[in-house]
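One structure is given below, encoded as structure tokens.
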Amino acid sequence: MFKKAFTLISLVFSLLYLNGNAQHLADSGMLKIRLNQEGFYPYAPKIAIVLVNNGSDYFFLQEVGKKTVFSGVLKRSARPDFAGNYTWVADFSAYHKTGRYTLNIPGIGNSYPFAIAKSVHLKVADASIKAYYFMRASIPLQEKYAGKWQRAAGHPDDKVLVHSSAATTQRPEGTIISSPKGWYDAGDYNKYIVNSGISTYTLLSLFEDFPEYMKTVKLDIPESGNQLPDLLNETLWNLRWMLTMQDPNDGGVYHKLTNAAFDKMEMPDQDTSPRYVVQKSTAATLDFAAVMAQASRIFKKFPKQLPGLSDTCLNSALKAWEWAQRNPAVLYNQNAMNQKFSPKVTTGDYGDRNVSDEFTWAASELFVTTKDSKYTTSINFDPNTLMPLPSWNQVRMLGYYSILRNGDLLVNTNFKEMPQLKQSLLVFADELIKDADSTAYETVINKRKSNFIWGSNAVAANQGMALIQAYQLSHNKKYLVYALDNLDYILGRNGTGYSYVTGYGSKTPMHPHHRPSVADGITDPVPGLLVGGPNPGMQDHVRVPSTVPDEAYIDDDKAYAVNEIAINWNAPLAYLANALEALQNQISN
Ligand code: G3I
Ligand code: 9MR
């Protein structure tokens, strides 16, 4: 009774207060109420995090500009955030009706508007893949597909020089090779095999895990309508480039195709400096082998559309694997390389110092594709250590994902480690979600300060992907709920209040470190790009407003350590958002 009366009083109070101070209070609500700015599935959990509590015990869910439809009591977070402050949690999971809403907290104001709807992440899910179209090298982006972000073709890459570090008898320094297509890596215009490896794998895995759903996803790209799913069409743009990075003479794969130095913040067609393929490396060659082996089994299902491609991929994978057997420790060390070779190369390093996980990954993919048990001797199952979350330099789990998702195909291979592998992945997932609810944002990413590295948003997305893998294996819905929490994190329920995907949400990055977005003269950045996110490292020497790990972010195009975009960050976002769209009916509170 008392509570009801109080609710009413708060409501009247909030409406009066809002009218008098509309602008001020609205801003304060948008700043202090942190939630997924795209919205929520009708039957999924729905949580907002409120940073301060000016005395209200209640929150009010309101139809935009209209009446209150639901109210609840704010609950204090179990633990403080990294800065030491407790937050307040508004949980409106019990409300299921679709519509557009704001959350109101008396004395604080209104949140950004958001939707409760089926397929609420469809747009951002599609955009996270379409982003790769915008990253394409060697093709003009036509207005028809790219809208106002149309641009001239950049980097034909049909006359690429073999760098002195990569010279062989058959291909001496200065040999010209053709290596067109591919995606630009990130804010820069170079193409790196190591980073292409995990990115291409992740998108292909999205297809392997959810083929039926992904066949329905239309991206409006030049190949659309050609009888291949658009996700595969887009992935092929990079895969065909990757194939050109293998030296046909020995099977080794060049580490990268690059300018000698990062170019200016200019449009891609403005850059006409020489392009090189540099030194072959074991990491690049194994990542290539893994992706080609995976691609071979996926494209085998499309023999009419892609005659011969599956075989080409498998043969390339086998040749790469053999090269790596002969060259198991050719690490890419750019500084050392620059002591010996010229011109000096100062672009992205992707210099992994340990390639044992790359061997495991490539062997896993070759095993799944060929069913030949000989590869299992090269797989490290390491049951005694926790699984390391995937990243460009840690790919062990990518192989495990592939083995586990293809378990049915491997029943006749006498492969004994399957139950143990499944168990390890579920233990890993349980470890991820343990105590996530007591963090200040009730998310997995917020459990540890050490998650906030260069590209932290991809840590959140990769955790989400790992949880989806756990769901696929166990059908335990709890994993989906925590995966969704991390998507909520990416889209606004976080320490800065940004939705970190350009163009999606209300407060989104406007100045990513992305050369076309900086140089094209268009106010809005290219859409669908996930920025790196909070990272207190300041490796770019741009001061962030806070060094609290999950707040260490600035929307500044010079701040490449927090505000660049990259293909290996968008890929797990694409996986997470699309997988949740595919599985939305399984998520309930
Ligand atoms: O792994 C350690 C971790 O153990 C430690 O706790 C943490 C503390 O700072 O550092 C972690 O290492 C960081 C590593 O990223 C994590 O993956 C390094 O400090 C950091 O310097 C390194 O940054 C990489 C960066 O290149 C600089 O080499 C990013 O991962 C990588 O995504 C980024 O990639 C660049 C390419 O070189 C060029 N193209 C753009 C692309 C995106 O920024
Ligand atoms: O644009 C480059 C970005 O892709 C890299 O991640 C980053 C770190 O290697 O470097 C950026 O390039 C900058 C260079 O390192 C220093 N001079 C300014 C360049 C543009 O900001």
Side-chain angles (χ1 to χ4, degrees), residues 10-11 13-40 46-56 58-72 74 77 81 83 85-92 95 99-117 120-121 123-124 440-443 446 457 487-511 523-525 531 533-534 544-546 548 550-551 553-556 563:
S10 313
L11 183 58
F13 169 79
S14 77
L15 289 176
L16 287 174
Y17 204 24
L18 259 179
N19 287 340
N21 296 273
Q23 191 54 42
H24 170 74
L25 276 174
D27 285 349
S28 140
M30 289 168 184
L31 276 173
K32 289 173 181 157
I33 303 172
R34 305 284 168 85
L35 45 63
N36 180 329
Q37 294 166 22
E38 286 288 300
F40 304 87
K46 302 171 199 72
I47 281 174
I49 300 296
V50 186
L51 294 199
V52 287
N53 183 350
N54 291 356
S56 173
Y58 293 89
F59 68 85
F60 299 91
L61 182 66
Q62 301 178 332
E63 286 175 340
V64 173
K66 289 196 224 142
K67 60 178 195 302
T68 294
V69 293
F70 184 87
S71 63
L74 290 167
S77 63
D81 62 16
N85 304 312
Y86 286 87
T87 61
W88 297 86
V89 183
D91 185 341
F92 49 106
Y95 187 79
R100 273 196 83 69
Y101 303 92
T102 56
L103 208 70
N104 174 267
I105 316 277
I108 293 180
N110 285 321
S111 72
Y112 291 114
F114 58 87
I116 295 180
V120 73
H121 297 115
K123 285 200 183 106
V124 72
Y441 289 85
E442 298 203 353
T443 65
N446 280 93
N457 282 335
L487 186 60
D488 283 353
Y489 168 89
I490 288 170
L491 297 174
R493 191 172 116 201
N494 59 47
T496 66
Y498 274 92
S499 166
Y500 292 117
V501 185
T502 55
Y504 292 85
S506 299
K507 181 182 181 184
T508 80
M510 291 300 288
H511 308 285
T523 305
D524 292 331
V531 297
V544 283
S546 161
V548 172
D550 63 334
E551 298 175 16
Y553 172 77
I554 186 166
D555 180 19
D556 179 332
N563 211 31

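Everything numeric in this text was worked out from a predicted model, so none of it was measured.
With values rounded to the nearest 0.5 angstrom, Thr87 atom OG1 is found 10.0 Å from Leu74 atom CG. Atom CD of Gln37 is separated from atom OG of Ser499 by 5.0 Å, given to the nearest 0.5 angstrom. Between atom OG of residue Ser111 and atom CG of residue Leu61 there is a gap of 8.5 Å, rounded to the nearest 0.5 Å. A distance of 11.5 Å separates CD1 of Ile554 from OG of Ser546, quoted to the nearest 0.5 Å. Ile105 CD1 to Tyr58 OH: the interatomic distance, rounded to the nearest 0.5 Å, is 13.0 Å. Distance check, rounded to the nearest 0.5 Å: CD of Glu38 to CG of Asp488 gives 11.0 Å.
Relative ring orientation between Phe59 and Phe70 is described as tilted, the plane-to-plane angle lying within the 30° to 60° band.
The shortest distance between side-chain heavy atoms of His121 and Asn36 falls below 4.5 Å. Residues Leu491 and Val501 have side chains in contact (heavy-atom distance under 4.5 Å, counting atoms from C-beta outward). In this structure, the side chains of Val69 and Phe60 stay at 4.5 Å or more apart for every pair of heavy atoms.
Under the side-chain hydrogen bond (donor to acceptor under 3.5 Å, both in side chains) test applied with Asn563, the options Tyr498, Tyr500, Tyr553 reduce to a single match, Tyr553.
In terms of heavy-atom proximity, Ala83 sits nearest to Glu551 at CB-OE2, 4.3 Å. The nearest pair of heavy atoms linking Thr102 to Pro113 is CG2-CA, 3.8 Å. Counting all heavy atoms, side chain and backbone alike, Ala440 lies closest to Ser77 at CA-CB, 4.0 Å. Across all their heavy atoms, Thr496 and Asp550 have their closest contact at CG2-O, 3.7 Å. Looking at every heavy atom in both residues, Ile33 comes nearest to Ala48 through CG2-CB, 4.1 Å. Between Pro534 and Asn457, the shortest heavy-atom contact is CD-OD1, 4.2 Å.
Counted within 6.0 Å of NZ on Lys507, heavy atoms from surrounding residues, nucleotides or ligands total more than 12; the atom is thus considered enclosed.
In summary, the side chains of Gln62 and Thr68 do present a donor paired with an acceptor at a separation below 3.5 Å, with no hydrogens or angles considered. The closest side-chain donor-acceptor pair between Tyr95 and Tyr101 falls under 3.5 angstrom. With hydrogens and angles left out, the side-chain atoms of Tyr441 and Asn494 include no donor and acceptor closer than 3.5 Å.
Remark: the backbone N or O of Leu487 is not paired with any side-chain donor or acceptor of Arg493 at under 3.5 angstrom. Counting only distance, with no hydrogens or angles, the side chain of Asp555 and the backbone of Met510 share a donor-acceptor pair below 3.5 Å. A donor-acceptor contact shorter than 3.5 Å is absent between the side chain of Arg34 and the backbone of Val50.
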inquiry  = Working note: Phe114 + Arg100, criterion side-chain contact (heavy atoms from CB on, under 4.5 Å); need CA distance, chi angles, decisive distance, verdict.
reply    = CA-CA 6 Å; Phe114 58 87; Arg100 273 196 83 69; 5.6 Å; no
task = Apply the test side-chain contact (heavy atoms from CB on, under 4.5 Å) to residues Lys32 and Val52: give CA-CA distance (whole Å), side-chain angles for both, the deciding distance (0.1 Å), then the verdict.
result = CA-CA 7 Å; Lys32 289 173 181 157; Val52 287; 3.6 Å; yes
query = What's the verdict on side-chain contact (heavy atoms from CB on, under 4.5 Å) for Asp81 and Tyr86, showing C-alpha distance, side-chain angles and the deciding distance?
reply = CA-CA 6 Å; Asp81 62 16; Tyr86 286 87; over 6 Å; no
Step-by-step side-chain contact (heavy atoms from CB on, under 4.5 Å) determination, Ile47 to Val89 = CA-CA 7 Å; Ile47 281 174; Val89 183; 3.8 Å; yes
